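Every value quoted in this text rests on a predicted model; they were computed, and no experiment measured them.
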Amino acid sequence: FVDLCQASTTMPKMLINILTHSKAIPYAGCLIQMYSFHLFGTMDSFLLAVMAYDRFVAIFHPLRYATIMSPRLCILLVGGPWGTTNLQSVVHTSLMAKLTFCADNKIPHFFCDLMPLLKLSCSDTHINELVVLVFGIFMGISPLVCILLSYICIFCAVLQVPSAEGKRKAFSTCGSHLTVVLVFYGTIFAVYVQPSGPTSPEKDKAAAVMCAVVIP
């Protein structure tokens with residue numbers, strides 16, 4: 001559901017722009033698109049962390065899996081990130097709505113993303129950038145740390161399996177998830193974690209297409 005919504009945030013408008021040769025978007029629509037993209041994109045990262053924990057429990061505690069991954073815990077693992085990601089998107093959108101935009105309002109992107117919009121503002125964006133940094137550290141690093149810790153434990157457990165067939169089965173359950181994690185965070189780092197200064201819009205757009213369209 002999250003992947004479908006994330007792709008639907010950008011792809012329909014992108015296809016309309018291609019077919020009609022019109023690249024305009026209303027201001028309100030731009031804010032809604034930014035809100036939705038960060039909501040579902042961040043939710044995706046939390047779900048990848050939850051899936052990593054699920055695989056850790058399945059491999060490390062197979063006999064206790066049904067007890068540990070109870071329906072109550074599953075609701076908490078999904079409901080908690082939903083609330084947190086909604087809060088993040090509301091804060092980003094509210095701060096963006098207070099900015100003023102002047103001169104050329106052309107976004108060098110294929111959708112309304114946070115950083116390209118901040119670069120167009122003629123207001124003071126220091127608070128916005130500070131909030132982006134704070135949320136980026138918490139919302140970006142915490143799921144990644146959870147994934148890394150889960151896979152470290154998984155690899156340690158798998159290496160203790162005596163048979164090669166057992167190791168292959170264990171790794172096969174994590175292969176697709178680990179691939180998505182690598183591509184997902186690789187594109188995020190390419191777009192959002194880069195030194196200040198001149199950047200290539202084409203590189204940013206290519207990485208964003210991977211993050212917003214290909215991975216979902």
Side-chain angles (χ1 to χ4, degrees), residues 2-3 5-10 13 25-50 76-148 181 184-201 203-213 215-216:
V2 170
D3 284 336
C5 290
Q6 184 184 3
S8 299
T9 298
T10 56
K13 179 60 179 172
I25 184 171
Y27 178 67
C30 192
L31 292 180
I32 292 173
Q33 192 178 59
M34 187 193 77
Y35 171 89
S36 302
F37 178 76
H38 282 274
L39 168 64
F40 296 116
T42 309
M43 187 63 193
D44 224 359
S45 68
F46 274 100
L47 287 180
L48 288 174
V50 171
L76 289 175
L77 290 175
V78 175
W82 267 117
T84 308
T85 52
N86 266 288
L87 174 63
Q88 174 198 239
S89 297
V90 166
V91 171
H92 282 321
T93 307
S94 300
L95 290 176
M96 185 66 69
K98 294 181 179 180
L99 299 179
T100 56
F101 298 89
C102 50
D104 188 9
N105 290 333
K106 292 183 178 179
I107 306 172
H109 220 313
F110 73 97
F111 70 98
C112 292
D113 199 5
L114 184 61
M115 298 311 293
L117 281 174
L118 286 179
K119 293 177 182 178
L120 291 181
S121 175
C122 50
S123 304
D124 185 2
T125 60
H126 283 94
I127 295 179
N128 299 70
E129 293 170 0
L130 179 61
V131 171
V132 169
L133 177 63
V134 172
F135 272 119
I137 291 174
F138 174 71
M139 308 290 276
I141 294 180
S142 55
L144 182 59
V145 169
C146 179
I147 293 171
L148 291 175
V181 167
F184 181 83
Y185 278 99
T187 53
I188 286 179
F189 289 146
V191 175
Y192 298 104
V193 185
Q194 51 186 317
S196 59
T199 58
S200 170
K203 175 189 172 185
D204 290 348
K205 283 186 280 187
V209 167
M210 284 290 295
C211 198
V213 178
I215 296 174

Hey, mind stepping through Asn128 and Ser123 against side-chain contact (heavy atoms from CB on, under 4.5 Å) and telling me if it holds? CA-CA 10 Å; Asn128 299 70; Ser123 304; over 6 Å; no
Is the shortest side-chain heavy-atom distance between [X] and [Y] below 4.5 Å?
{"X": "Cys122", "Y": "Thr100", "result": "yes"}
{"X": "Pro81", "Y": "Leu47", "result": "no"}
{"X": "Pro143", "Y": "Leu48", "result": "no"}

Is there a donor-acceptor contact under 3.5 Å from the side chain of [X] to the main chain of [Y]?
{"X": "Ser45", "Y": "Thr42", "value": "yes"}
{"X": "Asp113", "Y": "Met115", "value": "no"}
{"X": "Ser121", "Y": "Phe101", "value": "no"}
{"X": "Asp44", "Y": "Phe40", "value": "no"}
{"X": "Thr93", "Y": "Val90", "value": "no"}

Nearest non-hydrogen partners of [X] and [Y], listed with the distance:
{"X": "Cys146", "Y": "Ala49", "answer": "SG-O, 3.9 Å"}
{"X": "Met96", "Y": "Tyr27", "answer": "O-OH, 3.8 Å"}
{"X": "Glu129", "Y": "Leu118", "answer": "CG-CD1, 4.4 Å"}
{"X": "Val91", "Y": "Val131", "answer": "CG1-CG1, 3.8 Å"}
{"X": "Gln33", "Y": "Thr10", "answer": "NE2-CA, 4.1 Å"}

Straight-line distance of [X] [atom1] to [Y] [atom2], nearest 0.5 Å:
{"X": "Tyr185", "Y": "Ile141", "atom1": "OH", "atom2": "CD1", "answer": "10.0 Å"}
{"X": "Ile32", "Y": "Ser89", "atom1": "CD1", "atom2": "OG", "answer": "12.5 Å"}
{"X": "Leu114", "Y": "Phe135", "atom1": "CG", "atom2": "CZ", "answer": "11.0 Å"}
{"X": "Met43", "Y": "Asp3", "atom1": "CE", "atom2": "CG", "answer": "11.0 Å"}
{"X": "His92", "Y": "Leu39", "atom1": "NE2", "atom2": "CG", "answer": "11.5 Å"}
{"X": "Phe46", "Y": "Ser142", "atom1": "CZ", "atom2": "OG", "answer": "4.5 Å"}

Hey, can you tell me if Phe37 and Phe111 have their rings parallel, tilted or perpendicular (30° and 60° cut-offs)? tilted
Would you say CD1 of Ile127 has more than 12 non-hydrogen atoms from neighbouring residues, nucleotides or ligands within 6.0 angstrom? no
